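Because the structure is predicted, anything quoted here is derived from the model rather than measured.
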Amino acid sequence: MKILYATILLFSVILSLLFLLRVLLFKTGLIYITKKGWRSIQDCFHVYQFFKVPEFDESMQENHLYRKVFIYLSSLASIEDSDFTNLFTGKKTHDIVLHLDPNQVIDDYFLGARVSWINEVKNDTNCCRTFVLKIRRADKRRILRPYLQHIHITSDELEQKKKDVKLHINIDTHEHNRLWRSVPFKHPSTFDTIAMESDLKNKLRSDLESFLKAEQYYHRLGRAWKRSYLLYGPSGTGKSSFVAAMANFLGYDVYDIDLSRVLDDSDLKTLLLQTTSKSVVLIEDLDRFLMDKPTRVSLSGVLNFMDGVLNACCADERIMVYTMNGKDHVDPAILRPGRIDVHIHFPLCDFSSFKTLANNYLGVKDHKLFPQVEEFFQTGASLSPAEIGELMIANRNSPGRALRSVITALQTDGDGRGSLNIRKQLDDSSSRKSTGDSGEHSGIFSREGVNAMKDIRKLYGLLRLKSSKKSESFDRTPDRKDGQSTGL
(Lines give C-alpha, C1' and ligand atoms only; values in the text may rest on other atoms or scores of the structure.)
Protein backbone atom coordinates (compact mmCIF):
# COMPACT_ATOMS: atom_id res chain seq x y z
CA MET A 1 0.00 0.00 0.00
CA LYS A 2 2.88 2.34 0.86
CA ILE A 3 4.43 1.55 -2.52
CA LEU A 4 1.19 2.58 -4.30
CA TYR A 5 0.99 5.85 -2.36
CA ALA A 6 4.65 6.57 -3.10
CA THR A 7 4.11 5.89 -6.80
CA ILE A 8 1.08 8.19 -6.96
CA LEU A 9 2.97 10.88 -5.08
CA LEU A 10 5.96 10.58 -7.38
CA PHE A 11 3.71 10.75 -10.45
CA SER A 12 1.99 13.86 -9.10
CA VAL A 13 5.31 15.52 -8.38
CA ILE A 14 6.53 14.78 -11.93
CA LEU A 15 3.35 16.22 -13.47
CA SER A 16 3.65 19.32 -11.31
CA LEU A 17 7.27 19.80 -12.33
CA LEU A 18 6.40 19.38 -16.01
CA PHE A 19 3.59 21.88 -15.68
CA LEU A 20 5.88 24.37 -13.93
CA LEU A 21 8.52 23.81 -16.61
CA ARG A 22 6.01 24.44 -19.36
CA VAL A 23 4.83 27.63 -17.68
CA LEU A 24 8.44 28.70 -17.20
CA LEU A 25 9.32 28.07 -20.83
CA PHE A 26 6.33 29.78 -22.42
CA LYS A 27 5.84 32.63 -19.98
CA THR A 28 9.48 33.68 -19.83
CA GLY A 29 10.45 33.07 -23.46
CA LEU A 30 12.86 30.26 -22.62
CA ILE A 31 11.07 28.13 -25.21
CA TYR A 32 12.62 30.22 -28.01
CA ILE A 33 16.08 29.85 -26.50
CA THR A 34 15.50 26.10 -26.24
CA LYS A 35 14.40 25.89 -29.88
CA LYS A 36 17.47 27.79 -31.05
CA GLY A 37 19.74 25.54 -29.00
CA TRP A 38 18.11 22.40 -30.39
CA ARG A 39 18.42 23.73 -33.93
CA SER A 40 22.13 24.42 -33.37
CA ILE A 41 22.59 20.85 -32.24
CA GLN A 42 20.76 19.58 -35.36
CA ASP A 43 22.92 21.77 -37.60
CA CYS A 44 26.00 19.99 -36.30
CA PHE A 45 24.77 16.73 -37.87
CA HIS A 46 23.75 18.13 -41.29
CA VAL A 47 25.67 19.59 -44.21
CA TYR A 48 24.16 22.76 -45.65
CA GLN A 49 24.58 24.52 -48.98
CA PHE A 50 24.12 28.26 -49.48
CA PHE A 51 22.75 30.08 -52.54
CA LYS A 52 23.00 33.86 -52.87
CA VAL A 53 20.43 36.04 -54.63
CA PRO A 54 21.99 39.53 -54.98
CA GLU A 55 19.90 42.58 -55.75
CA PHE A 56 22.10 43.49 -58.75
CA ASP A 57 24.14 41.38 -61.14
CA GLU A 58 27.74 41.98 -62.19
CA SER A 59 26.76 44.67 -64.69
CA MET A 60 24.67 46.45 -62.00
CA GLN A 61 21.41 45.47 -63.67
CA GLU A 62 18.48 44.64 -61.41
CA ASN A 63 18.16 40.96 -60.52
CA HIS A 64 14.46 40.16 -60.97
CA LEU A 65 14.76 37.05 -58.84
CA TYR A 66 15.71 39.23 -55.85
CA ARG A 67 12.44 41.15 -56.24
CA LYS A 68 10.43 37.94 -56.43
CA VAL A 69 12.11 36.51 -53.31
CA PHE A 70 11.48 39.81 -51.49
CA ILE A 71 7.74 39.70 -52.31
CA TYR A 72 7.52 36.00 -51.41
CA LEU A 73 9.25 36.32 -48.03
CA SER A 74 7.14 39.35 -47.07
CA SER A 75 4.04 37.19 -47.50
CA LEU A 76 5.17 34.36 -45.19
CA ALA A 77 3.51 34.07 -41.79
CA SER A 78 6.83 33.04 -40.25
CA ILE A 79 8.21 36.56 -40.83
CA GLU A 80 6.43 37.51 -37.60
CA ASP A 81 8.70 35.07 -35.70
CA SER A 82 11.83 36.94 -36.72
CA ASP A 83 13.67 38.82 -33.96
CA PHE A 84 13.45 42.10 -35.88
CA THR A 85 10.75 42.90 -38.42
CA ASN A 86 10.03 46.24 -40.11
CA LEU A 87 6.44 47.49 -40.30
CA PHE A 88 5.32 49.71 -43.19
CA THR A 89 2.04 51.19 -44.34
CA GLY A 90 0.70 49.52 -47.48
CA LYS A 91 -0.85 51.18 -50.52
CA LYS A 92 -4.26 51.01 -48.88
CA THR A 93 -4.90 53.11 -45.78
CA HIS A 94 -5.27 50.30 -43.26
CA ASP A 95 -2.74 47.84 -44.74
CA ILE A 96 0.34 46.92 -42.69
CA VAL A 97 3.26 45.36 -44.59
CA LEU A 98 6.03 43.37 -42.86
CA HIS A 99 9.60 43.35 -44.23
CA LEU A 100 12.56 41.39 -42.93
CA ASP A 101 15.16 43.43 -41.07
CA PRO A 102 18.80 43.29 -42.26
CA ASN A 103 20.76 40.16 -41.25
CA GLN A 104 17.66 38.42 -39.91
CA VAL A 105 16.66 34.82 -40.62
CA ILE A 106 13.27 33.49 -41.71
CA ASP A 107 12.30 29.83 -42.06
CA ASP A 108 10.13 28.26 -44.73
CA TYR A 109 8.92 24.72 -45.34
CA PHE A 110 8.51 23.09 -48.75
CA LEU A 111 7.74 19.43 -49.52
CA GLY A 112 8.54 18.48 -45.94
CA ALA A 113 11.96 20.13 -45.91
CA ARG A 114 12.99 23.18 -43.90
CA VAL A 115 14.89 25.98 -45.64
CA SER A 116 16.13 29.28 -44.25
CA TRP A 117 16.55 32.71 -45.80
CA ILE A 118 19.04 35.26 -44.50
CA ASN A 119 18.60 38.94 -45.39
CA GLU A 120 22.27 39.79 -45.71
CA VAL A 121 23.17 43.48 -45.78
CA LYS A 122 26.83 44.46 -45.70
CA ASN A 123 27.95 47.47 -43.68
CA ASP A 124 24.33 48.23 -42.75
CA THR A 125 23.74 49.87 -46.13
CA ASN A 126 21.18 49.06 -48.74
CA CYS A 127 23.63 49.08 -51.64
CA CYS A 128 24.79 45.47 -51.14
CA ARG A 129 21.60 43.61 -50.27
CA THR A 130 21.52 39.86 -50.80
CA PHE A 131 19.15 37.06 -49.87
CA VAL A 132 20.97 33.86 -48.88
CA LEU A 133 19.14 30.54 -49.16
CA LYS A 134 20.28 27.91 -46.67
CA ILE A 135 19.24 24.38 -47.63
CA ARG A 136 20.33 20.92 -46.56
CA ARG A 137 22.54 19.29 -49.16
CA ALA A 138 20.49 16.09 -48.86
CA ASP A 139 17.32 18.00 -49.85
CA LYS A 140 18.87 20.13 -52.60
CA ARG A 141 18.30 17.84 -55.60
CA ARG A 142 14.77 17.04 -54.53
CA ILE A 143 13.35 20.51 -53.79
CA LEU A 144 15.63 23.28 -55.11
CA ARG A 145 14.18 23.72 -58.61
CA PRO A 146 10.53 23.11 -57.61
CA TYR A 147 10.98 25.52 -54.70
CA LEU A 148 12.34 28.31 -56.92
CA GLN A 149 9.47 27.74 -59.37
CA HIS A 150 7.06 27.95 -56.42
CA ILE A 151 8.58 31.32 -55.47
CA HIS A 152 8.19 32.59 -59.07
CA ILE A 153 4.52 31.59 -59.29
CA THR A 154 3.57 32.82 -55.82
CA SER A 155 5.32 36.18 -56.19
CA ASP A 156 3.70 36.77 -59.60
CA GLU A 157 0.27 36.09 -58.12
CA LEU A 158 0.92 38.40 -55.17
CA GLU A 159 2.28 41.17 -57.38
CA GLN A 160 -0.69 40.88 -59.72
CA LYS A 161 -3.10 41.33 -56.81
CA LYS A 162 -1.26 44.36 -55.45
CA LYS A 163 -0.44 46.20 -58.67
CA ASP A 164 -2.31 49.34 -59.67
CA VAL A 165 -4.52 48.77 -62.69
CA LYS A 166 -4.06 51.36 -65.46
CA LEU A 167 -6.07 52.54 -68.44
CA HIS A 168 -3.99 53.08 -71.60
CA ILE A 169 -5.27 55.10 -74.57
CA ASN A 170 -3.58 55.46 -77.95
CA ILE A 171 -2.40 58.93 -78.94
CA ASP A 172 -1.86 60.68 -82.27
CA THR A 173 1.70 61.92 -81.73
CA HIS A 174 4.33 59.20 -81.45
CA GLU A 175 6.77 60.73 -78.99
CA HIS A 176 9.87 58.54 -78.59
CA ASN A 177 7.99 55.69 -80.30
CA ARG A 178 5.43 55.69 -77.50
CA LEU A 179 1.91 55.10 -78.78
CA TRP A 180 0.12 54.89 -75.42
CA ARG A 181 -0.69 57.31 -72.63
CA SER A 182 -1.84 55.86 -69.31
CA VAL A 183 -3.90 56.98 -66.32
CA PRO A 184 -4.89 55.09 -63.14
CA PHE A 185 -7.91 52.87 -63.71
CA LYS A 186 -10.34 53.72 -60.91
CA HIS A 187 -13.59 52.40 -62.37
CA PRO A 188 -15.66 50.97 -59.46
CA SER A 189 -17.63 48.43 -61.52
CA THR A 190 -17.53 44.80 -60.32
CA PHE A 191 -19.41 41.62 -61.12
CA ASP A 192 -21.56 42.29 -58.06
CA THR A 193 -22.70 45.71 -59.28
CA ILE A 194 -23.40 45.06 -62.98
CA ALA A 195 -27.03 44.37 -63.97
CA MET A 196 -26.91 40.91 -65.56
CA GLU A 197 -28.62 37.55 -65.12
CA SER A 198 -26.95 35.74 -62.23
CA ASP A 199 -26.49 32.49 -64.20
CA LEU A 200 -24.78 34.28 -67.09
CA LYS A 201 -22.67 36.30 -64.68
CA ASN A 202 -21.47 33.16 -62.90
CA LYS A 203 -20.67 31.43 -66.20
CA LEU A 204 -18.59 34.40 -67.37
CA ARG A 205 -16.76 34.58 -64.05
CA SER A 206 -15.97 30.86 -64.29
CA ASP A 207 -14.82 31.30 -67.90
CA LEU A 208 -12.33 33.99 -66.85
CA GLU A 209 -11.07 31.90 -63.92
CA SER A 210 -10.58 28.94 -66.26
CA PHE A 211 -8.63 31.16 -68.69
CA LEU A 212 -6.22 32.25 -65.95
CA LYS A 213 -5.21 28.63 -65.31
CA ALA A 214 -5.06 27.47 -68.94
CA GLU A 215 -1.60 28.59 -70.10
CA GLN A 216 -0.22 25.06 -70.53
CA TYR A 217 -3.43 23.90 -72.18
CA TYR A 218 -3.36 26.64 -74.83
CA HIS A 219 0.32 26.10 -75.54
CA ARG A 220 -0.20 22.35 -75.85
CA LEU A 221 -2.81 23.09 -78.53
CA GLY A 222 -0.41 25.43 -80.33
CA ARG A 223 -2.67 28.44 -79.76
CA ALA A 224 -2.03 31.86 -78.32
CA TRP A 225 -3.12 32.16 -74.70
CA LYS A 226 -5.88 34.70 -75.31
CA ARG A 227 -9.66 34.90 -75.08
CA SER A 228 -11.89 37.07 -77.29
CA TYR A 229 -15.27 38.46 -76.28
CA LEU A 230 -17.90 40.27 -78.35
CA LEU A 231 -20.29 42.49 -76.36
CA TYR A 232 -23.22 43.64 -78.44
CA GLY A 233 -26.44 45.48 -77.63
CA PRO A 234 -28.03 48.97 -77.63
CA SER A 235 -26.27 51.93 -76.08
CA GLY A 236 -26.59 52.24 -72.34
CA THR A 237 -26.93 48.51 -71.63
CA GLY A 238 -23.71 48.17 -69.61
CA LYS A 239 -21.08 46.96 -72.08
CA SER A 240 -18.35 49.34 -70.91
CA SER A 241 -19.21 48.68 -67.26
CA PHE A 242 -18.82 44.96 -67.92
CA VAL A 243 -15.35 45.55 -69.42
CA ALA A 244 -14.40 47.46 -66.26
CA ALA A 245 -15.74 44.63 -64.10
CA MET A 246 -13.60 42.14 -66.07
CA ALA A 247 -10.48 44.27 -65.61
CA ASN A 248 -11.09 44.67 -61.87
CA PHE A 249 -11.80 40.94 -61.48
CA LEU A 250 -8.62 39.91 -63.30
CA GLY A 251 -6.43 42.79 -62.11
CA TYR A 252 -5.51 43.46 -65.77
CA ASP A 253 -4.61 46.78 -67.38
CA VAL A 254 -6.98 48.08 -70.06
CA TYR A 255 -5.72 49.15 -73.50
CA ASP A 256 -8.52 51.14 -75.14
CA ILE A 257 -7.84 51.47 -78.88
CA ASP A 258 -9.53 54.38 -80.65
CA LEU A 259 -9.46 53.27 -84.30
CA SER A 260 -10.10 56.82 -85.54
CA ARG A 261 -6.64 57.76 -84.19
CA VAL A 262 -4.85 54.84 -85.90
CA LEU A 263 -2.81 55.92 -88.93
CA ASP A 264 -2.82 52.68 -90.94
CA ASP A 265 -2.75 48.87 -90.66
CA SER A 266 0.90 48.91 -89.64
CA ASP A 267 0.19 51.38 -86.86
CA LEU A 268 -2.56 49.08 -85.55
CA LYS A 269 -0.07 46.20 -85.38
CA THR A 270 2.43 48.38 -83.55
CA LEU A 271 -0.21 49.22 -80.96
CA LEU A 272 -0.68 45.51 -80.28
CA LEU A 273 3.08 45.04 -80.02
CA GLN A 274 3.29 47.68 -77.28
CA THR A 275 0.60 46.11 -75.10
CA THR A 276 1.73 44.02 -72.15
CA SER A 277 0.68 40.62 -70.91
CA LYS A 278 -2.09 40.45 -68.29
CA SER A 279 -4.14 43.08 -70.11
CA VAL A 280 -7.56 43.67 -71.64
CA VAL A 281 -7.34 45.03 -75.21
CA LEU A 282 -10.57 46.90 -76.00
CA ILE A 283 -12.04 48.22 -79.27
CA GLU A 284 -15.42 49.89 -78.82
CA ASP A 285 -18.12 50.45 -81.47
CA LEU A 286 -16.34 48.31 -84.04
CA ASP A 287 -19.50 47.97 -86.16
CA ARG A 288 -19.91 51.73 -86.53
CA PHE A 289 -16.27 52.16 -87.50
CA LEU A 290 -16.55 49.52 -90.23
CA MET A 291 -19.85 50.91 -91.53
CA ASP A 292 -18.19 54.30 -92.07
CA LYS A 293 -15.84 52.56 -94.57
CA PRO A 294 -12.54 53.86 -93.14
CA THR A 295 -9.71 54.63 -95.53
CA ARG A 296 -6.74 54.47 -93.15
CA VAL A 297 -7.44 51.10 -91.49
CA SER A 298 -8.71 48.38 -93.81
CA LEU A 299 -10.96 45.42 -93.02
CA SER A 300 -7.98 43.16 -93.71
CA GLY A 301 -5.96 45.08 -91.11
CA VAL A 302 -8.71 44.59 -88.51
CA LEU A 303 -8.94 40.85 -89.31
CA ASN A 304 -5.18 40.41 -88.96
CA PHE A 305 -5.24 42.33 -85.70
CA MET A 306 -7.90 39.97 -84.35
CA ASP A 307 -6.37 36.69 -85.47
CA GLY A 308 -3.18 37.10 -87.47
CA VAL A 309 0.37 35.84 -87.10
CA LEU A 310 1.30 38.86 -84.96
CA ASN A 311 -1.70 38.23 -82.72
CA ALA A 312 -0.62 34.61 -82.23
CA CYS A 313 2.92 35.66 -81.34
CA CYS A 314 2.27 38.72 -79.17
CA ALA A 315 -1.16 38.28 -77.60
CA ASP A 316 -0.34 35.78 -74.85
CA GLU A 317 -2.21 36.27 -71.57
CA ARG A 318 -4.55 38.87 -73.02
CA ILE A 319 -8.30 39.35 -73.13
CA MET A 320 -9.54 40.85 -76.41
CA VAL A 321 -12.89 42.66 -76.15
CA TYR A 322 -14.93 44.19 -78.98
CA THR A 323 -18.20 46.06 -78.52
CA MET A 324 -20.96 46.63 -81.08
CA ASN A 325 -24.50 47.96 -81.09
CA GLY A 326 -25.48 45.05 -83.32
CA LYS A 327 -23.83 42.34 -85.38
CA ASP A 328 -26.41 41.82 -88.14
CA HIS A 329 -24.56 43.94 -90.70
CA VAL A 330 -21.03 42.92 -89.73
CA ASP A 331 -18.84 40.85 -92.06
CA PRO A 332 -19.11 37.17 -90.96
CA ALA A 333 -15.32 36.89 -91.21
CA ILE A 334 -15.05 39.09 -88.11
CA LEU A 335 -17.46 36.94 -86.10
CA ARG A 336 -16.01 33.52 -86.88
CA PRO A 337 -14.62 31.29 -84.09
CA GLY A 338 -10.98 32.05 -83.42
CA ARG A 339 -11.53 35.75 -83.83
CA ILE A 340 -14.50 35.82 -81.43
CA ASP A 341 -14.70 33.10 -78.79
CA VAL A 342 -17.65 34.31 -76.69
CA HIS A 343 -20.68 36.32 -77.85
CA ILE A 344 -22.52 38.20 -75.05
CA HIS A 345 -25.79 39.99 -75.76
CA PHE A 346 -26.62 43.04 -73.65
CA PRO A 347 -30.38 43.62 -74.02
CA LEU A 348 -32.50 46.42 -72.64
CA CYS A 349 -33.31 46.10 -68.96
CA ASP A 350 -35.66 43.35 -67.73
CA PHE A 351 -37.17 42.98 -64.26
CA SER A 352 -34.26 40.90 -62.93
CA SER A 353 -31.76 43.56 -63.99
CA PHE A 354 -34.06 46.24 -62.62
CA LYS A 355 -33.95 44.67 -59.15
CA THR A 356 -30.15 44.67 -59.27
CA LEU A 357 -30.16 48.36 -60.20
CA ALA A 358 -32.66 49.18 -57.45
CA ASN A 359 -30.42 47.46 -54.91
CA ASN A 360 -27.26 49.20 -56.18
CA TYR A 361 -28.68 52.70 -56.64
CA LEU A 362 -31.35 52.88 -53.91
CA GLY A 363 -30.41 50.10 -51.48
CA VAL A 364 -33.87 48.59 -52.00
CA LYS A 365 -34.27 44.81 -52.33
CA ASP A 366 -38.08 44.79 -52.23
CA HIS A 367 -40.80 47.42 -52.48
CA LYS A 368 -44.57 47.58 -52.78
CA LEU A 369 -44.19 49.09 -56.28
CA PHE A 370 -42.10 46.16 -57.58
CA PRO A 371 -45.16 44.16 -58.80
CA GLN A 372 -46.29 47.17 -60.83
CA VAL A 373 -42.83 47.55 -62.36
CA GLU A 374 -42.73 43.82 -63.16
CA GLU A 375 -46.10 44.07 -64.87
CA PHE A 376 -44.82 46.75 -67.24
CA PHE A 377 -41.74 44.66 -68.10
CA GLN A 378 -43.96 41.66 -68.82
CA THR A 379 -46.01 43.71 -71.30
CA GLY A 380 -42.87 44.41 -73.33
CA ALA A 381 -41.97 47.88 -72.07
CA SER A 382 -38.29 48.39 -71.39
CA LEU A 383 -35.59 50.92 -70.66
CA SER A 384 -31.82 50.73 -70.81
CA PRO A 385 -29.93 50.31 -67.53
CA ALA A 386 -28.38 53.74 -68.12
CA GLU A 387 -31.81 55.41 -68.33
CA ILE A 388 -33.07 53.65 -65.22
CA GLY A 389 -29.86 54.50 -63.40
CA GLU A 390 -30.25 58.17 -64.32
CA LEU A 391 -33.76 58.28 -62.86
CA MET A 392 -32.66 56.54 -59.68
CA ILE A 393 -29.70 58.86 -59.16
CA ALA A 394 -31.92 61.94 -59.58
CA ASN A 395 -34.38 60.55 -56.98
CA ARG A 396 -31.97 58.64 -54.77
CA ASN A 397 -33.25 60.29 -51.57
CA SER A 398 -36.76 58.91 -52.12
CA PRO A 399 -36.96 55.27 -53.34
CA GLY A 400 -40.72 55.56 -53.82
CA ARG A 401 -40.37 58.60 -56.06
CA ALA A 402 -37.55 56.91 -57.99
CA LEU A 403 -39.67 53.81 -58.65
CA ARG A 404 -42.67 55.93 -59.70
CA SER A 405 -40.47 57.81 -62.16
CA VAL A 406 -39.36 54.47 -63.66
CA ILE A 407 -43.01 53.37 -63.92
CA THR A 408 -43.85 56.64 -65.68
CA ALA A 409 -41.05 56.13 -68.20
CA LEU A 410 -42.11 52.53 -68.85
CA GLN A 411 -45.75 53.51 -69.38
CA THR A 412 -45.15 56.52 -71.63
CA ASP A 413 -42.25 55.15 -73.65
CA GLY A 414 -42.67 51.46 -74.41
CA ASP A 415 -39.26 50.78 -75.85
CA GLY A 416 -37.41 53.01 -73.35
CA ARG A 417 -35.28 54.79 -75.92
CA GLY A 418 -36.94 58.22 -75.76
CA SER A 419 -34.65 60.48 -73.75
CA LEU A 420 -37.39 63.16 -73.76
CA ASN A 421 -39.49 61.18 -71.28
CA ILE A 422 -36.50 60.70 -68.99
CA ARG A 423 -35.79 64.40 -69.08
CA LYS A 424 -39.41 65.35 -68.39
CA GLN A 425 -39.52 63.09 -65.35
CA LEU A 426 -36.33 64.69 -64.05
CA ASP A 427 -38.05 68.04 -64.55
CA ASP A 428 -41.14 66.80 -62.70
CA SER A 429 -39.10 65.37 -59.83
CA SER A 430 -37.21 68.67 -59.50
CA SER A 431 -40.50 70.58 -59.46
CA ARG A 432 -41.93 68.30 -56.79
CA LYS A 433 -38.82 68.78 -54.65
CA SER A 434 -39.07 72.57 -54.89
CA THR A 435 -42.75 72.59 -53.80
CA GLY A 436 -42.16 70.14 -50.95
CA ASP A 437 -44.20 67.34 -52.57
CA SER A 438 -42.93 63.98 -51.31
CA GLY A 439 -44.65 62.03 -54.06
CA GLU A 440 -48.37 61.85 -53.32
CA HIS A 441 -49.19 61.41 -57.02
CA SER A 442 -47.55 59.00 -59.44
CA GLY A 443 -46.49 61.60 -61.97
CA ILE A 444 -47.83 59.64 -64.99
CA PHE A 445 -48.59 61.95 -67.89
CA SER A 446 -50.60 61.45 -71.09
CA ARG A 447 -49.57 61.14 -74.73
CA GLU A 448 -51.01 64.59 -75.41
CA GLY A 449 -48.70 65.97 -72.74
CA VAL A 450 -45.71 64.38 -74.44
CA ASN A 451 -46.63 65.79 -77.84
CA ALA A 452 -47.20 69.23 -76.34
CA MET A 453 -43.83 69.05 -74.66
CA LYS A 454 -42.17 68.22 -77.98
CA ASP A 455 -43.74 71.33 -79.57
CA ILE A 456 -42.62 73.47 -76.65
CA ARG A 457 -39.04 72.16 -76.94
CA LYS A 458 -38.96 73.05 -80.64
CA LEU A 459 -40.05 76.64 -79.94
CA TYR A 460 -37.90 76.99 -76.85
CA GLY A 461 -34.93 78.65 -78.58
CA LEU A 462 -37.13 81.31 -80.17
CA LEU A 463 -39.02 82.03 -76.96
CA ARG A 464 -35.79 82.41 -75.02
CA LEU A 465 -34.69 85.21 -77.33
CA LYS A 466 -38.03 87.03 -76.92
CA SER A 467 -38.57 86.79 -73.23
CA SER A 468 -36.25 85.61 -70.45
CA LYS A 469 -39.25 85.32 -68.19
CA LYS A 470 -41.02 82.87 -70.48
CA SER A 471 -37.79 81.01 -70.93
CA GLU A 472 -37.53 80.43 -67.22
CA SER A 473 -41.12 79.09 -67.08
CA PHE A 474 -40.38 76.42 -69.70
CA ASP A 475 -36.77 75.47 -68.94
CA ARG A 476 -37.17 73.56 -65.68
CA THR A 477 -34.36 71.10 -66.33
CA PRO A 478 -32.50 70.42 -63.06
CA ASP A 479 -28.77 70.24 -62.69
CA ARG A 480 -27.71 66.99 -64.38
CA LYS A 481 -24.42 66.78 -62.60
CA ASP A 482 -25.67 64.09 -60.21
CA GLY A 483 -27.98 62.51 -62.71
CA GLN A 484 -25.58 61.35 -65.39
CA SER A 485 -25.86 57.81 -66.57
CA THR A 486 -23.29 55.32 -65.31
CA GLY A 487 -24.23 52.71 -67.81
CA LEU A 488 -22.93 51.65 -71.13
Side-chain angles (χ1 to χ4, degrees), residues 187-205 207-208 228-249 254 256 280 282-291 319-330 334-335 340 342-362 373-374 376-394 402 405-407 409-410 412-423 425-426 480 483-488:
H187 201 295
S189 179
T190 66
F191 276 109
D192 294 329
T193 60
I194 57 175
M196 178 182 286
E197 294 181 5
S198 58
D199 290 342
L200 177 59
K201 191 186 301 185
N202 292 332
K203 289 179 180 178
L204 292 171
R205 185 188 284 113
D207 187 67
L208 292 172
S228 301
Y229 294 83
L230 172 63
L231 317 181
Y232 66 98
S235 298
T237 51
K239 298 186 292 294
S240 295
S241 295
F242 179 77
V243 175
M246 292 175 68
N248 287 327
F249 177 75
V254 178
D256 187 0
V280 175
L282 171 65
I283 295 182
E284 295 189 282
D285 298 323
L286 180 58
D287 56 332
R288 291 185 178 180
F289 178 79
L290 296 175
M291 288 176 63
I319 298 291
M320 315 292 288
V321 182
Y322 311 94
T323 71
M324 300 180 183
N325 284 348
K327 58 178 184 178
D328 295 336
H329 303 291
V330 176
I334 290 180
L335 305 177
I340 301 294
V342 182
H343 295 240
I344 308 173
H345 181 222
F346 285 77
L348 294 173
C349 197
D350 58 11
F351 183 64
S352 176
S353 302
F354 166 80
K355 290 193 295 183
T356 301
L357 293 172
N359 184 34
N360 293 340
Y361 284 83
L362 305 175
V373 176
E374 183 178 14
F376 278 108
F377 278 116
Q378 290 175 348
T379 59
S382 61
L383 294 168
S384 71
E387 291 171 322
I388 292 178
E390 186 175 359
L391 291 172
M392 290 181 174
I393 290 176
S405 66
V406 173
I407 292 172
L410 289 171
T412 58
D413 192 359
D415 63 1
R417 283 176 285 253
S419 60
L420 173 61
N421 295 322
I422 301 292
R423 180 170 181 173
Q425 289 176 70
L426 292 176
R480 298 292 292 275
Q484 293 178 349
S485 168
T486 60
L488 200 143

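Here the OG atom belonging to Ser228 is positioned 9.5 Å from the NE2 atom belonging to His343, to the nearest 0.5 angstrom. Taking CE from Met324 and CD1 from Ile340, the interatomic distance works out to 6.0 Å, rounded to the nearest 0.5 Å. To the nearest 0.5 angstrom, Lys327 atom NZ is 3.5 Å from Tyr232 atom OH. To the nearest 0.5 angstrom, Leu204 atom CG is 10.5 Å from Phe249 atom CZ. To the nearest 0.5 Å, atom CZ of residue Phe351 and atom CD of residue Glu374 are 4.5 Å apart. To the nearest 0.5 Å, the span separating OH on Tyr229 from OH on Tyr322 amounts to 13.0 Å.
A donor and an acceptor atom, one from each side chain of Ser352 and Glu197, are nowhere located under 3.5 Å apart. Using modelled atom types and a 3.5 Å distance limit, the side chains of Asp350 and Ser353 yield a donor-acceptor pair.
The minimum heavy-atom distance between Pro385 and Thr237, with the atom names listed, is CD-CA, 3.6 Å. Smallest separation of non-hydrogen atoms from Pro188 and Thr193: O-OG1, 4.5 Å. For Ser235 against Arg288, the heavy-atom pair with the smallest separation is OG-NH2, 3.9 Å. The heavy-atom pair separating Phe377 from Cys349 by the smallest distance is CE2-O, 3.1 Å. Across every non-hydrogen atom of Ser384 and Gly236, the tightest pair is CB-O, 3.6 Å. Ile194 and Ser189 make their closest contact through CG2-OG, 3.4 Å (heavy atoms, listed as atom of the first residue, atom of the second, distance).
Between Phe354 and Met392, some side-chain heavy-atom pair lies under the 4.5 Å cut-off. Proximity of Leu208 to Ile319: side-chain heavy atoms (C-beta onward) are separated by under 4.5 Å at one or more points.
A side-chain contact (heavy atoms from CB on, under 4.5 Å) with Leu230 is found for one member of Leu335, Val330, Leu286 and no other, namely Leu335. For the side-chain contact (heavy atoms from CB on, under 4.5 Å) with Val321, the lone residue among Ile344, Val254, Val280 that qualifies is Val280.
Side-chain N or O atoms of Asp207 include none that pairs as donor or acceptor with a backbone N or O of Lys203 at under 3.5 Å. At least one donor-acceptor pair under 3.5 Å links the side chain of Asp287 to the backbone N or O of Asn325. Side chain of Lys239 to backbone of Glu284: no donor-acceptor contact under 3.5 angstrom is found. Under the 3.5 Å distance criterion, the side-chain polar atoms of Asn202 are matched with a main-chain donor or acceptor of Ser198. Under a 3.5 Å cut-off, the side chain of Thr323 and the backbone N or O of Asp285 do form a donor-acceptor pair.
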Verify side-chain contact (heavy atoms from CB on, under 4.5 Å) between Met196 and Phe191, making sure each step is shown before the conclusion. CA-CA 9 Å; Met196 178 182 286; Phe191 276 109; 5.9 Å; no
